[in-house]
Amino acid sequence: IYANGNGEPLDSLYGKTYQGGLIFYLNTSTCEGLVASLSDQSNNAPWGCYGTSIGGTSNGLGTGQANTTAIVTGCAAAGIAARICDDYDDGAGHTDWFLPSKDELNSMYTNLKQNGFGVFASDWYWSSSGHGDYVAWRQDFSDGVQGLDVKHYNNRVRAVRAF
């Protein structure tokens with residue numbers, strides 16, 4: 001798949017800096033995509049609201065913003081992963097960051113971490129995809145494994161935004 005008329009392969013755009021972050025996903029039909037912030041926003045944050053189901057979160061690409069809004073609206077706790085991303089300001093005028101969904105997080109791992117972009121830790125990162133009252137999805141950036149973790153456990157957080 002080519003990203004433009006110059007014959008530049010789509011995957012050559014991954015890892016390029018654009019609108020405050022590193023490109024890790026591009027929809028070639030709409031020219032919309034996602035960027036990951038240049039660094040982690042936390043290395044030790046809970047998903048939040050252990051024992052409470054946050055309804056309406058999804059796993060798919062394009063659902064991270066809605067997931068984050070649902071979490072922040074349904075969970076008043078300070079210092080949780082979604083709120084950290086929702087409050088993030090990169091200092092360059094970009095304030096519309098969110099916690100990536102399960103599939104967005106996987107795309108970030110595949111297109112950035114596996115290609116050496118983004119200075120990611122070989123550690124677990126939270127997604128915004130909840131799974132009931134007590135657990136939510138996360139991904140290990142050492143090997144790409146996705147799994148469920150207890151919401152009150154601490155994992156890393158990397159904000160993303162759409163363009």
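- Closest non-hydrogen pair, Tyr18 versus Phe163, comes out as CE2-CD1, 3.4 Å.
- A continuous path of Ile, Leu, Val, Met, Phe, Trp and Tyr side chains, each step under 4.5 Å between heavy atoms, connects Leu105 with Leu38, placing both in one hydrophobic cluster.
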Pairs under 3.5 angstrom only: tabulate donor-acceptor contacts from the side chains of residues 107-114 to other protein residues two or more places apart or in another chain.
| residue | atom | partner | partner atom | Å |
| --- | --- | --- | --- | --- |
| Ser107 | OG | Phe24 | O | 3.3 |
| Ser107 | OG | Asn111 | ND2 | 3.2 |
| Tyr109 | OH | Gly144 | N | 3.3 |
| Thr110 | OG1 | Asn106 | O | 3.0 |
| Asn111 | ND2 | Phe24 | O | 2.9 |
| Asn111 | ND2 | Ser107 | O | 3.4 |
| Lys113 | NZ | Ser122 | OG | 3.4 |
| Lys113 | NZ | Phe141 | O | 3.4 |

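- Nearest heavy atom pair, residue Thr63 against residue Ser101, reads OG1-CB, 3.3 Å.
- Between Leu99 and Cys85 the shortest heavy-atom distance is N-CB, 3.6 Å.
- Put simply, OH on Tyr14 and CD1 on Ile23 are 9.5 Å apart, with the number rounded to the nearest 0.5 Å.
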- Please step through side chain to side chain contact (heavy atoms under 4.5 Å, CB included) for the pair Leu148 and Trp137, ending with a clear verdict. CA-CA 5 Å; Leu148 295 168; Trp137 287 99; 3.5 Å; yes
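- When all heavy atoms are compared, the tightest approach of Ser42 to Ile84 is CB-CD1, 4.0 Å.
- Using a 4.5 Å heavy-atom threshold, the side chains of Asp90 and Ser37 count as separate.
- Here the side chain of Asn115 pairs no donor or acceptor atom with the backbone of Phe117 at under 3.5 angstrom.
- Hydrophobic clustering of Ile, Leu, Val, Met, Phe, Trp and Tyr side chains at less than 4.5 Å, counting indirect connections, unites Val35 with Leu26.
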Using residues 45-61 as the side-chain source, report each donor-acceptor pair under 3.5 Å to any protein atom, sequence neighbours left out, with the distance given to one decimal.
| residue | atom | partner | partner atom | Å |
| --- | --- | --- | --- | --- |
| Trp47 | NE1 | Ser127 | O | 2.8 |
| Thr57 | OG1 | Gly130 | N | 3.0 |
| Asn59 | OD1 | Ser129 | OG | 3.4 |

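- Legend: salt bridge (Lys or Arg N to Asp or Glu O under 4.0 Å) pairs involving residues 101-111, not counting sequence neighbours: none detected.
- No more than 12 heavy atoms of other residues, nucleotides or ligands lie within 6.0 Å of NE2 in His131, so this atom counts as exposed by the packing criterion.
- Between the OG1 atom in Thr68 and the CD1 atom in Ile80 there is a gap of 9.5 Å [rounded to 0.5 Å].
- Applying the side-chain hydrogen bond (donor to acceptor under 3.5 Å, both in side chains) test to residues at least two apart or on different chains, the pairs with a partner in residues 153-163 are Gln19-Arg161, Asp40-Arg156, Asp40-Arg158, Asn44-Asn154, Asp96-Arg161, Asp123-Arg156, Arg138-Asn155, Asp149-Asn155.
- Screening residues 90-163 for disulfide (SG to SG under 2.5 Å) gives no qualifying pairs among residues at least two apart or on separate chains.
- Between the Thr17 side chain and the Leu22 main chain, no donor and acceptor come within less than 3.5 Å of each other.
- Interatomic distance, Trp126 CH2 to Ile71 CD1, rounded to the nearest 0.5 Å: 10.0 Å.
- Taking both residues in full, the closest heavy atoms of Val145 and Asp143 are given as N-OD1, 3.0 Å, listed atom of the first, atom of the second, then distance.
- Contacts of Phe98 classified as ring pair (Phe, Tyr, Trp, His ring centres under 6.0 Å), with partners at least two apart in sequence or in another chain: none.
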